[in-house]
2 protein chains.
Amino acid sequence: MQDKITKLFKAIADPTRRDIFHALVIATSALSITQISNQFEISRQGVTKHIKTLQEAGLVVIDAQGRERFCNANTKPLQEINKWLQFYSQFWDNSLQNLGNYLNSKT
Amino acid sequence: MQDKITKLFKAIADPTRRDIFHALVIATSALSITQISNQFEISRQGVTKHIKTLQEAGLVVIDAQGRERFCNANTKPLQEINKWLQFYSQFWDNSLQNLGNYLNSKT
DNA sequence: TAAATACGCAACTTTTTGGTTGCTTAACTA
DNA sequence: TAGTTAAGCAACCAAAAAGTTGCGTATTTA
């Protein structure tokens with residue numbers, strides 16, 4: 001397909017995918033494909049496709065158990081976006097914000 | 001089209017568009033459509049379309065002068081992405097990074 | 001004023017994307 | 001073991017996106 005950062009940006013560019021990702025982040029336990037699709041209007045196959053896209057972006061990790069596939073959110077790849085933003089953040093102002101960005105860049 | 005944040009994410013999800021935006025950010029002066037298209041493989045019309053998308057996301061501001069349309073980058077909308085990331089950043093670790101994020105959230 | 005330049009608009013093509021349905025297979029459960 | 005449940009795969013469809021070409025129109029410049 002395309003490079004990592006593009007996969008990542010495309011994964012979160014779709015509102016439904018952002019919603020699914022968010023649901024997984026705030027879920028107290030991993031959710032199966034069926035459990036996810038119960039929460040959304042679209043079909044189970046539609047969810048499967050979105051999960052695949054999220055998985056390829058590294059934002060979802062799957063834990064297969066028997067016939068079920070439990071999906072976990074992984075927020076770490078979002079750090080790449082944070083890094084991407086860092087460069088541009090120097091242009092939007094130079095107050096405390098930049099201290100925050102500076103600290104981020106050092107961790 | 002769609003909501004603001006989706007427009008923004010979609011605008012930067014395309015690699016060509018990210019490149020155009022980057023070129024405008026680092027440019028020492030505003031660039032006309034033709035000047036931009038000279039730097040890229042795609043046609044002038046292709047550039048015009050990308051600029052329109054960036055403009056609708058607020059990432060480009062146009063200053064028309066005579067027959068030319070000078071494009072300026074505007075990084076401010078990217079703060080919205082930063083804000084979006086903030087919520088998820090609490091999950092990826094809790095060291096200095098969070099101090100940075102915390103400071104960002106207060107400005 | 002004639003030629004050249006900068007650009008918009010519209011139509012069109014191709015590819016990608018978001019979504020569907022139908023069918024199969026594997027794994028539980030009664 | 002028979003029925004049900006979870007999900008993958010493949011084919012398909014419609015709409016959106018990325019890009020093109022052709023043409024018209026304003027604005028410069030020679």
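Throughout, a chain's letter reflects where its sequence line sits, starting with A, and its residues are numbered from 1. Everything numeric here is computed off the predicted structure, so don't read it as measured data. Just the heavy atoms: all of them, side chains too, but no hydrogens, waters or symmetry mates, feed the values below.
Distance, B:F40 CZ to D:dT20 P: 13 Å, rounded to whole Å. The NE2 atom of A:H50 sits 17 Å away from the C1' atom of D:dA7 (whole-angstrom rounding). Rounded to a whole Å, the CZ atom of B:F70 is 7 Å from the P atom of C:dC7. Between B:F9 atom CZ and C:dG18 atom P there is a gap of 14 Å when expressed in whole angstrom units. Remark: P of C:dT17 and CD1 of A:I51 are 17 Å apart, rounded to the nearest angstrom. The distance between atom CD1 of B:I33 and atom C1' of D:dT27, rounded to the nearest whole Å, is 16 Å. Look at CD1 on B:I20: it is 11 Å from P on D:dA18, rounded to the nearest Å. Going from atom NZ of B:K10 over to atom C1' of D:dA15 covers 11 Å, rounded to whole Å.
Nucleic acid contact for B:G66: sugar-phosphate only, since backbone atoms but no base atoms lie under 4.0 Å from a heavy atom of the residue. At a threshold of 4.0 angstrom between heavy atoms, the contacts of A:T53 with the nucleic acid are absent.
Distance from the side chain of A:S32 is smallest for D:dA7 among the nucleotides C:dG19, D:dA7, D:dT20. If you check D:dT21, C:dA11, C:dT20 against the side chain of B:K49, the one that comes closest is C:dA11. Side-chain proximity of B:T34 to C:dG18, D:dA18, C:dA6: nearest is C:dA6.
Contact check, A:S43 against C:dG19: no side-chain N or O comes under 4.0 Å of OP1 or OP2. OP1 and OP2 of D:dA7 both lie 4.0 Å or more from every side-chain N or O belonging to A:T48.
Taken together through direct or relayed side-chain contacts under 4.5 Å among Ile, Leu, Val, Met, Phe, Trp and Tyr, B:F87 and B:L85 form part of one hydrophobic cluster.
Here the NZ-CG distance, from B:K52 to B:L54, works out to 12.5 Å after rounding to the nearest 0.5 Å.
Ring pair A:F21/A:H50: centre-to-centre distance not below 6.0 Å.
Nearer to the 5' terminus of DNA chain C, by closest-nucleotide assignment, is the contact made by A:Q2 (compared with the other of A:V47 and A:Q2). Residue A:A13 is the one, among A:A13 and A:R44, whose nearest nucleotide of DNA chain C lies closer to the 5' end (criterion: closest heavy atom).
Side-chain N or O atoms of B:N74 include one that pairs as donor or acceptor with a backbone N or O of B:G58 at under 3.5 Å.
In terms of polar N and O atoms assigned as donor or acceptor, the side chain of A:R67 never comes within less than 3.5 Å of the base of D:dA6 in a complementary pairing. Between the side chain of A:Q45 and the base of D:dC9 there is at least one donor-acceptor pair of N/O atoms closer than 3.5 Å.
Taking each heavy atom of A:K7 and A:E56 in turn, the nearest pair found is CD-O, 3.7 Å.
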